Visitor: 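Below: one structure in structure tokens.
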Amino acid sequence: MTTLWAVSDLHAAVRVNGDRIDELVPPNPNDWLIVAGDVAERIDLVINTLARLKNRYATVIWVPGNHELFSRGQDAYQGRSKYDRLVEGCREIGVITPEDPFPVFGGVTVVPLFTLYDYSFRPPGTTVEQALASAKEKQIIMTDEFAIAPFVDVRAWCWDRLAYSIKRLSRVEGETVLINHWPLVQEPTLYLRWPEVALWCGTRHTRSWPRRYNAMAVIYGHLHMPNRANIDGVDHIEVSLGYPREWQAHGGLQPWPYPVLTIDEKTGRAEHA
């Protein structure tokens, strides 16, 4: 049986996580693998890790997370240029990105997305500036503010990505699987230990996408809280590995890698795994 599997937040620079990545060997060489962001921060490690996985799976689909976008002042690639270089590297090894034609798995269009965040997952009635100031007062600031924001206008890039993604999604017919590093709806962030972290976790403008674009499932990562929740009739599934202290704590909560769809051998159509 051919299966579409999903993982995210591999954080391959962590030595112990390398052993877990080695476990990603498909039972069927025709299986596909979704990698929903945060492979690593260095371009070479991202591409090398994805190349290893591409040697095992028939198709690998990658979307960027915030860690892939982290840069330093002396880096050759920063902000948008770093993403462009990652896309170029993925194409060289045959890995599908959000810039490529959407692949079809058993009649279901698999849609890799890259939407970023725009600080709109914030308390009602507050401005972005007020929400960020409140987070800083509580000393809750994501590394994104030092490793992404100095090199690009994050909100403008997010809005560019939303317009680009809607244009492409509008051409898709039939059922889909939507993939994004950041959750497409705000509900998963309600369980964060520090609510302020939600500022860096997505955008309200994707709220309607799962229903509008006929999603059988939404695959995401980022929060390091593996979970499956049905929201407005669509399964939203976080497939993070995370850091060792995290996956050692939640290792048995749900399958990893996560089986998203399988292809029925008789009909050739994809169905829930």
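Each residue takes its place number in the sequence, starting with 1. In this text the structure is predicted, and so the values were computed from the model without any measurement.
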Visitor: Between E23 and R20, is there a salt bridge with N-O shorter than 4.0 Å?
Guide: yes
Visitor: For the backbone of T97 and the side chain of D100, can you confirm whether one donor and one acceptor N or O come within less than 3.5 Å of each other?
Guide: yes
Visitor: Distance check, rounded to the nearest 0.5 Å: T176 atom OG1 versus R212 atom CZ?
Guide: 12.0 Å
Visitor: Which residues pass the ring pair (Phe, Tyr, Trp, His ring centres under 6.0 Å) test with Y57, not counting sequence neighbours?
Guide: none
Visitor: Is there a path of hydrophobic side-chain contacts, each under 4.5 Å between heavy atoms of I/L/V/M/F/W/Y residues, joining V63 to W209?
Guide: no
Visitor: Any idea which heavy atoms bring C201 and T189 closest together, and the distance?
Guide: CB-CG2, 3.8 Å
Visitor: Carefully, step by step, assess L69 and Y83 under the rule side chain to side chain contact (heavy atoms under 4.5 Å, CB included).
Guide: CA-CA 7 Å; L69 304 177; Y83 174 62; 4.1 Å; yes
Visitor: How close do V239 and V7 get, heavy atom to heavy atom, and via which atoms?
Guide: CG2-C, 3.5 Å
Visitor: Determine, step by step, whether V197 and I140 satisfy the side chain to side chain contact (heavy atoms under 4.5 Å, CB included) criterion, reporting the C-alpha distance in whole Å, the side-chain angles of both residues, the deciding distance to 0.1 Å, and the verdict.
Guide: CA-CA 7 Å; V197 172; I140 300 173; 3.9 Å; yes
Visitor: What pairs with E173 under salt bridge (charged side-chain N to carboxylate O under 4.0 Å, His left out), at least two apart in sequence or on another chain?
Guide: none
Visitor: Please tell me whether V218 and I231 are part of a single hydrophobic cluster in this structure, the criterion being side-chain heavy atoms less than 4.5 Å apart.
Guide: no
Visitor: Let's go through V111 and Y213 carefully: what are the C-alpha distance in whole Å and the side-chain angles of both, what is the deciding distance for side chain to side chain contact (heavy atoms under 4.5 Å, CB included) to 0.1 Å, and is it a yes or a no?
Guide: CA-CA 10 Å; V111 180; Y213 301 116; over 6 Å; no
Visitor: Quick one: OG1 on T262 to NE2 on H272, what's the gap to the nearest 0.5 Å?
Guide: 10.0 Å
Visitor: In terms of side-chain geometry, is the basic nitrogen of R85 or D75 positioned less than 4.0 Å from the acidic oxygen of its partner?
Guide: no
Visitor: Any side-chain to backbone donor/acceptor pair from K82 onto F70? Under 3.5 Å, distance only.
Guide: yes
Visitor: State, with a plain yes or no, whether a side-chain heavy atom of T2 is found less than 4.5 Å away from one of D31.
Guide: yes
Visitor: In terms of ring plane angle, is the pair F114 and W157 parallel, tilted or perpendicular, where the classes change at 30° and 60°?
Guide: perpendicular
Visitor: Taking the side chain as everything from C-beta on, heavy atoms only, tell me whether Y220 gets closer than 4.5 Å to P188.
Guide: yes
Visitor: Hey, what do you get for CD1 (I166) to CZ (R168), rounding to the nearest 0.5 Å?
Guide: 13.5 Å
Visitor: Tell me, yes or no, whether the heavy-atom count around E92 atom CD, taken from other residues, nucleotides or ligands under 6.0 Å, exceeds 12.
Guide: yes
Visitor: Please tell me whether L241 and I219 are part of a single hydrophobic cluster in this structure, the criterion being side-chain heavy atoms less than 4.5 Å apart.
Guide: no
Visitor: Can you name the closest pair of heavy atoms from P259 and T3 and give their distance?
Guide: CB-CG2, 4.1 Å
Visitor: Is there a continuous path of hydrophobic side-chain contacts, each under 4.5 Å between heavy atoms, that joins M1 to I34?
Guide: no
Visitor: Once rounded to the nearest 0.5 Å, what's the spacing between atom OH of Y119 and atom OG1 of T203?
Guide: 12.0 Å
Visitor: State which residues pass salt bridge (charged side-chain N to carboxylate O under 4.0 Å, His left out) with D44; sequence neighbours excluded, sorted by chain then number.
Guide: R42
Visitor: Can you name the residues that form a ring pair (Phe, Tyr, Trp, His ring centres under 6.0 Å) with W256, not counting sequence neighbours?
Guide: none
Visitor: Test: ring pair (Phe, Tyr, Trp, His ring centres under 6.0 Å). Region: residues 20-52. Which pairs qualify, not counting sequence neighbours?
Guide: W32-F105
Visitor: So, taking the atom named CG in D38 and the one named NE2 in H181, what distance separates them when rounded to the nearest 0.5 Å?
Guide: 3.5 Å
Visitor: Checking F102 now: which residues fulfil ring pair (Phe, Tyr, Trp, His ring centres under 6.0 Å) with it, not counting sequence neighbours?
Guide: none
Visitor: Please determine whether residues L10 and W62 belong to a single hydrophobic cluster, defined as Ile, Leu, Val, Met, Phe, Trp and Tyr linked transitively by side-chain heavy-atom distances below 4.5 Å.
Guide: yes
Visitor: Check T206 against P183 and note the closest heavy-atom contact, atom names and distance.
Guide: OG1-O, 4.5 Å
Visitor: Looking at side-chain heavy atoms only, is the closest gap between P64 and P98 below 4.5 Å?
Guide: yes
Visitor: Can you find a heavy atom in the side chain of T143 that is under 4.5 Å from one in the side chain of W200?
Guide: no
Visitor: Applying side-chain hydrogen bond (donor to acceptor under 3.5 Å, both in side chains) as the test, list every pair that has at least one member in residues 231-241; sequence neighbours left out.
Guide: S8-S240, D9-S240, R207-D232, R228-D235, N230-D235, E238-S240
Visitor: So, Q78 side chain and G73 main chain: donor-acceptor pair closer than 3.5 Å or not?
Guide: yes
Visitor: Flag the pair R52 and D22 as a salt bridge only when some basic side-chain nitrogen lies within less than 4.0 angstrom of an acidic carboxylate oxygen.
Guide: yes
Visitor: Apply side chain to side chain contact (heavy atoms under 4.5 Å, CB included) to L169 and L113, showing your working.
Guide: CA-CA 10 Å; L169 280 163; L113 298 166; 4.1 Å; yes
Visitor: Tell me the ring pair (Phe, Tyr, Trp, His ring centres under 6.0 Å) pairs involving residues 6-31, sequence neighbours left out?
Guide: H11-H67, H11-H224, H11-Y243
Visitor: For R56, is the CZ atom crowded, meaning more than 12 foreign heavy atoms sit under 6.0 Å from it?
Guide: yes
Visitor: Tell me, do N17 and P244 make a side-chain contact under 4.5 Å, heavy atoms counted?
Guide: yes
Visitor: Applying side chain to side chain donor-acceptor pair (under 3.5 Å), run through D84 and S81 and close with a yes or a no.
Guide: CA-CA 5 Å; D84 292 342; S81 69; over 6 Å; no
Visitor: Among all residues two or more places apart in sequence or in another chain, which pass the salt bridge (charged side-chain N to carboxylate O under 4.0 Å, His left out) test with E99?
Guide: R161
Visitor: Starting from F121, walk the hydrophobic network (Ile, Leu, Val, Met, Phe, Trp, Tyr; side-chain heavy atoms closer than 4.5 Å) and list everyone else you reach, by chain and number.
Guide: none
Visitor: Nearest heavy-atom pair of R269 and G107: which atoms, and what distance?
Guide: NH1-CA, 3.3 Å
Visitor: Can I get a per-line list of side-chain donor-acceptor pairs under 3.5 Å for residues 146-155, giving both atom names and the distance, sequence neighbours left out?
Guide:
unit_1 : atom_1 : unit_2 : atom_2 : d
D153   : OD1    : R155   : N      : 3.3
D153   : OD1    : A156   : N      : 3.1

Visitor: Determine whether a donor-acceptor pair (N or O, by modelled atom type, separation under 3.5 Å) exists between the side chain of E68 and the backbone of G65.
Guide: yes
Visitor: Kindly say whether R204 contributes a backbone atom to a donor-acceptor pair with the side chain of S120 at under 3.5 angstrom?
Guide: yes
Visitor: Working to the nearest 0.5 angstrom, can you tell me the gap between D118 CG and L162 CG?
Guide: 7.0 Å
Visitor: Who passes salt bridge (charged side-chain N to carboxylate O under 4.0 Å, His left out) against E196, sequence neighbours left out?
Guide: K138
Visitor: Quick check: closest heavy atoms across N180 and T115, and the distance to 0.1 Å?
Guide: ND2-OG1, 2.8 Å
